[in-house]
Amino acid sequence: LDFIEAVSVAAQRAAAVDHPGVERITGLEHDAGRPYLVGQFSPGITLGERIRKLAPFSVPVAVGTAISILEGLDALHRVGIVHGDVSADNVVIAIDGSARIQLSAIWEAYSRSSTAGAVVLPSMAPFLAPEVSAGAAPSQGSDVYSVGVLLFELLCGRPPYAADSALAMAMKHATSPTPSVKGFNASSPIVLDEIVKKAMHKEPGARYRSAGTMLADLRVLQDALRFGRTLTW
């Protein structure tokens, strides 16, 4: 019961954010004793499915998708809410290409359950920042790390690391060098490669501190791409 109540409280906090890039949870209902969340309808397909079907994407499309994700995440960060589980299956892409993130802040309830963490870990592990896998609480910086992983997948058509288990995946994120986007996508500008590396830096202090700071760099790059300008890092 404590876990269900904690889910409801977390959902209510996130529901205060009114932004088209953030799915709103409208309530917690029960059907025959089984609880479920009721949320805003988000037409489209998950980013995970889109990546599996179509990746790698062109640089402009990948950058535009990351910007759309970060706009929603920035709305959460500005009011002090950490999403905590930014992953390819928690982002819905609409027919116009815009992104909407789902299940914001639900991670706050996991500590109230003896089993929830183990259930969600396999799906979270490919996107988790090293410090979170090591036991630290999710933060704005760890949300940014997850967006860096998503941007890598959009550009390269594959995750940055491969592993057979959640534990092995966590070790890869903690100890393996951050792979270069240009190693898999030669068309990626050096600046974009550096943006991804900064987002995925293993040291939280060397990473973008919030969605807004990464968003600012990607918007500058997007403008440069539109007008044919070359940027230096």
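No hydrogens, no waters, no symmetry mates; every other heavy atom, side chains included, goes into these values.
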Hey, mind stepping through E108 and R13 against salt bridge (Lys or Arg N to Asp or Glu O under 4.0 Å) and telling me if it holds?
CA-CA 11 Å; E108 295 175 1; R13 283 188 64 232; 2.5 Å; yes
Is there a continuous path of hydrophobic side-chain contacts, each under 4.5 Å between heavy atoms, that joins [X] to [Y]?
X: L73; Y: I106; value: no
X: L128; Y: V196; value: no
X: Y36; Y: I25; value: no
X: L70; Y: V22; value: yes
X: Y208; Y: L215; value: yes

Could you go step by step and tell me if L103 and L37 meet the side-chain contact (heavy atoms from CB on, under 4.5 Å) rule?
CA-CA 10 Å; L103 300 179; L37 291 170; 4.2 Å; yes
Quick one: do E194 and K198 make a salt bridge, cutoff under 4.0 Å?
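Answer for the salt bridge query: no.
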SB check R34 E29 (cutoff 4.0 Å):
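Answer for the salt bridge query: no.
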Could you check whether D193 and S180, counting side-chain N and O atoms only, form a donor-acceptor pair closer than 3.5 Å?
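A donor-acceptor contact under 3.5 Å links the two side chains.
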Without hydrogens or angle criteria, can the side chains of S187 and N185 be said to hold a donor-acceptor pair below 3.5 Å?
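Yes, because at least one side-chain N or O of S187 sits under 3.5 Å from a partner of the opposite role on N185.
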Can you tell if the side chain of [X] reaches within under 4.5 Å of the side chain of [Y], non-hydrogen atoms only?
X: F127; Y: D89; answer: no
X: T65; Y: L150; answer: no
X: Q222; Y: F227; answer: no
X: P160; Y: T178; answer: no
X: M214; Y: R209; answer: no
X: V147; Y: D143; answer: no
X: I45; Y: V92; answer: no
X: H83; Y: Q102; answer: no

So V149 and M200, side-chain contact (heavy atoms from CB on, under 4.5 Å) or not? Walk me through it.
CA-CA 7 Å; V149 175; M200 289 184 61; 3.9 Å; yes
Nearest heavy atoms of [X] and [Y], plus distance in Å:
X: A105; Y: A10; answer: O-CB, 3.4 Å
X: P130; Y: A174; answer: CB-CA, 3.9 Å
X: H77; Y: A211; answer: ND1-N, 3.1 Å

Separation between [atom1] of [X] and [atom2] of [Y], rounded to the nearest 0.5 Å:
X: S98; Y: I69; atom1: OG; atom2: CD1; value: 11.0 Å
X: D2; Y: S113; atom1: CG; atom2: OG; value: 10.0 Å
X: S142; Y: D85; atom1: OG; atom2: CG; value: 10.5 Å
X: L76; Y: E71; atom1: CG; atom2: CD; value: 12.5 Å

Of the options L221, L192, V181, which is the one that meets V59 in a side-chain contact (heavy atoms from CB on, under 4.5 Å)?
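Among L221, L192, V181, the one meeting side-chain contact (heavy atoms from CB on, under 4.5 Å) with V59 is L192.
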Test side-chain contact (heavy atoms from CB on, under 4.5 Å) on R100 and V91 and set out the steps.
CA-CA 6 Å; R100 176 177 288 169; V91 176; over 6 Å; no
ring-ring contact (aromatic ring centres under 6.0 Å, His included): pairs with one or both residues in residues 152-185, sequence neighbours excluded:
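Those involving residues 152-185 are Y145-H173, F152-F184, Y161-H173.
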Residues, nucleotides or ligands: over 12 heavy atoms within 6.0 Å of L54 CG:
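Atom CG in L54 is crowded, with more than 12 foreign heavy atoms closer than 6.0 Å.
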Does the salt bridge (Lys or Arg N to Asp or Glu O under 4.0 Å) test come out yes or no for D74 and R78, once each step is laid out?
CA-CA 6 Å; D74 182 49; R78 285 178 179 275; 2.8 Å; yes
So F57 and V63, side-chain contact (heavy atoms from CB on, under 4.5 Å) or not? Walk me through it.
CA-CA 9 Å; F57 294 91; V63 169; over 6 Å; no
Look only at the side chain of R24 and the backbone of Q40, and say whether a donor-acceptor pair between them is shorter than 3.5 Å.
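The answer is no, because no donor-acceptor pair under 3.5 Å joins these two groups.
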